[in-house]
Structure formats: C-alpha cells, structure tokens
Enquirer: 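This structure is in structure tokens; I'll ask about it shortly.
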Amino acid sequence: MSVRGFGLSVAVLAVLSAGQAFAAGVDLSKPYGDKYGCINRNGQEVAADQMLLLTDEALVTAASACTFTQKQAQADGSLVVTATCEAEGEEGQGPTKFTIKRSAKNAKRLTIADEDGNVMGEVARCR
C-alpha cells in the first residue's frame with residue numbers, strides 16, 4: 001500500500017469513527033420538548049406552568065431561559081452544556097451547567113439534568 005493510499009484509509013476511518021460517535025451522541029439539530037415546549041417552540045403560543053424546550057442554542061422552561069455558551073460532547077455520548085440563564089422575577093444572569101443524555105427508558109428521548117444531577121425532565125423531538 002502506498003503512503004497516499006494509507007493516508008486515504010486513515011482519513012476514511014477517522015470520518016467513519018466520528019460519524020459513529022456523533023450517531024451515539026446527542027443531536028440537537030432539531031428541537032426537543034415536552035408537550036408545551038414543542039407547542040411553544042416558535043414563540044409563546046400557549047401559557048403553561050410546566051414547559052421544557054431544548055434547542056441547539058437554548059433551554060427554555062416556564063420560568064427561565066438559558067442560552068448556551070459552550071457545548072462539550074462526552075465519551076459516554078452525553079453533552080455537557082454551559083449556559084447563562086435568566087429566571088423570571090430575578091435580575092441578572094447566572095452561569096450554570098446541564099447534562100443532556102439519552103433516556104435510559106426510551107432512546108428516542110433526552111434527559112436534562114442540572115449540575116447537581118437533578119433531572120429537570122425528559123423531552124422528545126418536536127414534530
């Protein structure tokens with residue numbers, strides 16, 4: 001095998017490996033949410049006491065909005081997100097971290113947990 005052929009083989013393996021790692025990881029190219037999160041994904045259409053909407057850029061609940069500042073894929077396929085959050089009724093923004101991973105109960109759903117490990121909820125891809 002020539003050096004050029006070897007280099008091409010290595011490049012193909014690297015692309016295939018990256019594709020498999022991405023497939024196992026969290027893909028936020030389309031929004032995820034609970035019932036009211038998906039209804040409200042294009043703006044506040046329905047008032048809800050409980051709402052969870054997860055996009056590639058933000059996590060929105062009924063009482064807060066968090067904008068992602070950094071995303072780090074983890075070896076286990078989860079995604080650790082650093083965000084600045086604004087809470088209803090409070091002034092200023094505070095930094096926080098979330099872990100987003102596949103649900104143990106349903107691989108099509110994602111689970112969102114705060115930095116203390118408290119599960120905020122489970123979301124499904126919006127239709």
Enquirer: Measure the spacing between SG of C85 and CZ of F98 and express it to the nearest 0.5 Å.
Expert: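 One gets 4.0 Å once the value is rounded to the nearest 0.5 Å.
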
Enquirer: For F68, I'd like to know if atom CZ has over 12 heavy atoms of other residues, nucleotides or ligands within 6.0 Å.
Expert: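 Result for CZ/F68: enclosed.
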
Enquirer: So which atom in E122 and which in S103 form the shortest heavy-atom distance, rounded to 0.1 Å?
Expert: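 Where E122 meets S103 most closely, the heavy atoms are OE2-OG, 2.8 Å.
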
Enquirer: Mind checking whether M51 and I39 sit in one hydrophobic cluster, side chains of I, L, V, M, F, W, Y counted as touching below 4.5 Å?
Expert: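 Both belong to a single hydrophobic cluster.
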
Enquirer: Apply side chain to side chain contact (heavy atoms under 4.5 Å, CB included) to T55 and list each qualifying residue two or more places apart in sequence or on a separate chain.
Expert: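 Residues passing side chain to side chain contact (heavy atoms under 4.5 Å, CB included) with T55: P31, L53, E57, A58.
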
Enquirer: Under the criterion side chain to side chain contact (heavy atoms under 4.5 Å, CB included), I'd like the reasoning laid out for T61 against M120: C-alpha separation, chi angles, the key distance, then a yes or no.
Expert: CA-CA 10 Å; T61 71; M120 298 174 64; 4.1 Å; yes

Enquirer: Just one of V123, V81, N118 clears the side-chain contact (heavy atoms from CB on, under 4.5 Å) bar with I112, so which one?
Expert: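 Testing I112 for a side-chain contact (heavy atoms from CB on, under 4.5 Å) against V123, V81, N118 leaves exactly one candidate, V123.
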
Enquirer: Assess whether side chain to side chain contact (heavy atoms under 4.5 Å, CB included) is satisfied between L52 and L59, documenting all intermediate values.
Expert: CA-CA 7 Å; L52 202 52; L59 173 64; 3.8 Å; yes

Enquirer: Check the side chains of S64 and E88 for a donor-acceptor pair under 3.5 angstrom, ignoring hydrogens and angles.
Expert: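 On atom types as modelled, these side chains do not qualify, holding no pair under 3.5 Å.
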
Enquirer: Applying side chain to side chain contact (heavy atoms under 4.5 Å, CB included), run through L110 and L28 and close with a yes or a no.
Expert: CA-CA 10 Å; L110 299 176; L28 297 178; 3.9 Å; yes

Enquirer: Please report the closest heavy-atom contact between Y32 and C38, naming both atoms and the distance.
Expert: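 Of all heavy-atom pairs spanning Y32 and C38, the closest is C-SG, 4.4 Å.
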
Enquirer: Is K97 salt-bridged to D114, cutoff N-O under 4.0 Å?
Expert: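 Judged by the 4.0 Å cut-off on N to carboxylate O distance, K97 and D114 do not form a salt bridge.
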
Enquirer: Over all heavy atoms of both residues, which pair between A73 and L79 is shortest? Give the atoms and the distance, please.
Expert: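 Closest approach of A73 to L79: N-CD1, 3.8 Å.
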
Enquirer: If you measure from NZ on K35 to SG on C126, what distance do you get to the nearest 0.5 Å?
Expert: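 If I round to the nearest 0.5 Å, the distance is 13.5 Å.
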
Enquirer: Taking the side chain as everything from C-beta on, heavy atoms only, tell me whether R127 gets closer than 4.5 Å to R125.
Expert: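 No, their side chains stay 4.5 Å or more apart.
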
Enquirer: Determine whether a donor-acceptor pair (N or O, by modelled atom type, separation under 3.5 Å) exists between the side chain of T82 and the backbone of T69.
Expert: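 Here the side-chain-to-backbone pair does not exist.
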
Enquirer: Tell me, yes or no, whether the heavy-atom count around Q50 atom CD, taken from other residues, nucleotides or ligands under 6.0 Å, exceeds 12.
Expert: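 Not more than 12 within 6.0 Å, no.
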
Enquirer: Looking at OG of S78 and CD1 of I100, how far apart are the two atoms once the value is rounded to the nearest 0.5 Å?
Expert: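 Separation between the atoms: 9.0 Å.
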
Enquirer: Under 6.0 Å from the NZ atom of K71, do we count more than 12 heavy atoms belonging to anything else shown?
Expert: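 Buried by this count: over 12 neighbours within 6.0 Å.
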
